Amino acid sequence: MSTRPIRIGMTLGGRSSTFVLGPLAGLELGAFVPHPPPVVILDQAVASGHAPWLEQIHQSCGHPSPRTLILSGGEGCKTLAKLEEVYGWLAECGLRRDGVIVGIGGGAVLDLAGMAAATWCRGVGFVSVPTTLLAMVDASIGGKTAVNAAGLKNPVGCFHPASGILADPGFLSSLPRGAWRDGLAELIKTAAIGDPELFREMHEARPRLFTLFAGPDADRPVPGVLGSLDWTSWIGRAASVKARIVTRDFQEGGLRRSLNLGHTLGHALEAISHRNGPPLSHGQAVAIGMAVVFRVAAQRGDCPLPAAVQMVELLEACGLPVSHPAPDPAELERMLQGDKKQTSRQGLNWVLPRGLGQMNIFGQVRTEEILRWLD
Ligand code: GLY
């Protein structure tokens, strides 16, 4: 297993954003925090389990006890009310225009902290320390920040890249199995979009993945998980794919849309399941979305059948669902039409695979074609 930190540099909207991956990545915080002490928005899930390590990270930047706001993570924290609470706290801290917010946690806490950084004083510095697999391979890279509003997912947000993204796989030792699965869905997505060799490696590792992730106890850590596969290499390769895409298309004019593979249906099913239960996690919803679009594309003859079969096999090996009870077609249609990626000129474009590593970002899919692949 490699121990040297991996560094990926990006320039996003004219700003530099550096992804650092490795066991001591957090100790580089000082390089991204200028003179005034930073303020920290910390995910409750990591606050107690990693306290000594967090202390070392803070000491490394010369501010051993920064002002810290602890939030319980998960989608529930991404509200306008919570953002307002964060603003109140930033005012109390006296954070000025040249200040820095450090977000430490999973994707939801980073989305909220990033949104606060993007808007407080019209934009202060932001450094992100992702502590979940999903945040390391997806949410922390590329500068998207958002909160949920009006019953929709992420409609209020802006692009505000973190100057530093410090990813230490050690945080994953305490990650519950369910959260691993959510991250694996995004890792598989990124491999399918931009690194077919990584996809094949993951597909070959199915027996190991199955043993680790397909079992019960979704809310418990996975014993021995860190030593069992070369996570640093897999995370680094997924991060490189994402960095390459967002560097070429920061504000999602075209290419970046490929990262929505599985998300069009996924977001719709996720929202419906939260209303009607039982709720799907984001990773579960994206897994179903990917399995369905691969099957639709293969059935049309637009994607080789083996690629679709491998996608389904890999998702299943990771304990992820590949189908779902069909929702009411009218409700599904309504949710799809509300997708924020729809534009008034082009309507809703789906990401449809042409094969591993090749995506059509202008796909058109009829609701009947989707329903055929739902139970
Ligand atoms: N999570 C998709 C993107 O960053 O564009």
Side-chain angles (χ1 to χ4, degrees), residues 8 10-13 15 17-19 73-75 78 103 105-115 117-118 126 128 130 132-148 152-162 165 167 179 181-195 235 237-271 280-290 293 339-343 348-353 359-363:
I8 303 170
M10 293 161 266
T11 303
L12 304 175
R15 296 177 200 209
S17 179
T18 307
F19 181 86
E75 211 51 28
K78 287 175 50 175
V109 164
L110 297 183
D111 273 3
L112 177 72
M115 181 67 187
F126 183 49
S128 126
T132 64
L133 180 63
L134 188 147
M136 289 182 195
V137 298
D138 190 50
S140 66
I141 306 169
K144 275 189 183 175
T145 75
V147 292
N148 301 327
L152 300 170
K153 195 172 155 76
N154 296 337
V156 181
C158 32
F159 291 96
H160 189 72
I165 303 152
R181 292 199 278 247
D182 286 340
L184 284 164
E186 296 287 357
L187 182 54
I188 293 168
K189 174 200 82 175
T190 311
I193 293 167
D195 190 340
I235 294 167
R237 285 153 76 187
S240 299
V241 170
K242 179 142 187 197
R244 203 168 65 224
I245 293 173
V246 298
T247 298
R248 284 173 58 192
D249 177 21
F250 176 42
Q251 298 214 346
E252 201 165 313
L255 178 68
R256 185 168 182 166
R257 287 195 220 149
S258 61
L259 292 167
N260 298 325
L261 174 67
H263 282 61
T264 305
L265 177 60
H267 276 164
L269 291 179
E270 190 180 349
L280 289 168
S281 69
H282 181 66
Q284 288 173 322
V286 167
I288 298 163
M290 286 194 289
V293 291
D339 190 295
K340 72 179 182 307
K341 301 203 171 70
Q342 175 152 227
T343 62
L348 181 62
N349 286 313
W350 291 67
V351 181
L352 283 181
M359 299 294 142
N360 167 16
I361 58 170
F362 300 109

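Counting starts at 1 for both ligands and their atoms, in listed order. Note that the structure is a prediction, hence the values are computed from the model and not measured.
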Can you pull out the closest protein heavy atom to atom 5 (O) of ligand 1? Residue, atom name and distance to 0.1 Å, please.
Arg256 NE, 2.8 Å
Identify the closest protein heavy atom to atom 4 (O) of ligand 1: which residue and atom is it, and at what distance?
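Result: Lys242 NZ, 2.6 Å.
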Under 3.5 Å, is there a donor-acceptor pair linking the side chains of His282 and Glu75?
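No pair is found: no donor N or O on one side chain lies under 3.5 Å from an acceptor on the other.
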Does either side chain, that of Ser281 or that of Asp182, offer a donor lying less than 3.5 Å from an acceptor on the other one?
yes
Charged N-O contact under 4.0 Å between Arg257 and Glu252:
no
Is the shortest side-chain N to carboxylate O distance from Lys144 to Asp111 below 4.0 Å?
no
Heavy-atom contacts under 4.0 Å between Asp138 and ligand 1: side chain, backbone, both, or neither?
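Side chain only.
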